[in-house]
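What's counted below: heavy atoms across the whole structure, side chains too, no hydrogens, waters or symmetry copies.
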Amino acid sequence: MRPVALADYAWRGDPSVPAWDEARILLVMDGDCALCSAAARRIALWDGADKIRITTAEGPLGRALLRLYGLDADDPATWLMIEDGRAYGSLDAMLRLAPRLKRWTRVFGALRVLPVAVQDWLYARIARNRYALFGRDDLCALPPEALRRRLVG
């Protein structure tokens with residue numbers, strides 16, 4: 001799902017949103033999803049510039065941001081990326097994130113040629129079936145140091 005369009009840095013006017021390091025990219029991910037957990041571990045390994053922080057959709061920061069942007073923390077299609085004051089969701093967020101990681105992940109940018117509706121459909125199909133396909137895992141359960149440094153909240 002895509003977040004509702006709000007003014008840049010909209011969370012600053014919402015007292016329910018806890019503070020975090022806004023100079024970094026913030027990812028709001030499902031803390032119980034094995035696919036998300038594996039992705040978070042890869043991001044931690046591939047974020048050589050140390051520009052990315054991660055919070056769970058179930059935590060106070062994640063829930064507050066998701067609510068602000070009209071997303072549901074309990075909806076499996078919810079995934080949020082905040083960068084430079086703007087919020088991105090769905091496959092769009094992942095395609096924006098990929099070039100900031102390993103060079104080879106830029107190949108995913110080719111998916112931008114797909115119409116937005118197709119991107120959202122593809123993302124939703126994977127997201128809604130991720131527990132059945134990949135199982136459950138605890139994102140915060142004894143993560144490696146590279147990931148622990150990036151967890152917020």
What residues form a side chain to side chain contact (heavy atoms under 4.5 Å, CB included) with Leu6, not counting sequence neighbours?
->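 With neighbours one apart ignored, the set is Val4, Ala10, Leu68, Tyr69.
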Taking only residues two or more places apart in sequence, or in another chain, which ones meet [X] in a salt bridge (charged side-chain N to carboxylate O under 4.0 Å, His left out)?
X: Arg53; result: Asp50
X: Asp8; result: Arg86
X: Asp14; result: Arg67
X: Arg2; result: Asp92, Asp120

Lys51 and Asp21: salt bridge (charged side-chain N to carboxylate O under 4.0 Å, His left out), yes or no, with the steps?
-> CA-CA 10 Å; Lys51 292 284 187 187; Asp21 183 355; over 6 Å; no
Ring pair (Phe, Tyr, Trp, His ring centres under 6.0 Å) involving Trp20 - partner list, sequence neighbours excluded |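 Ring pair (Phe, Tyr, Trp, His ring centres under 6.0 Å) check on Trp20 returns Trp11.
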Output for pair (Arg63 CZ, Leu71 CG), nearest 0.5 Å, gives 12.5 Å
Are Trp79 and Leu27 close enough that some pair of their side-chain heavy atoms sits under 4.5 Å apart?
-> yes
Any side-chain heavy-atom pair from Asp47 and Arg100 closer than 4.5 angstrom?
->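 Side-chain contact under 4.5 Å: no.
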Among the clusters formed by ILVMFWY side chains lying less than 4.5 Å apart, do Val116 and Leu97 turn up in the same one?
-> no
Heavy atoms of Leu65 and Leu26 approach each other most closely as CD1-CD2, 3.5 Å
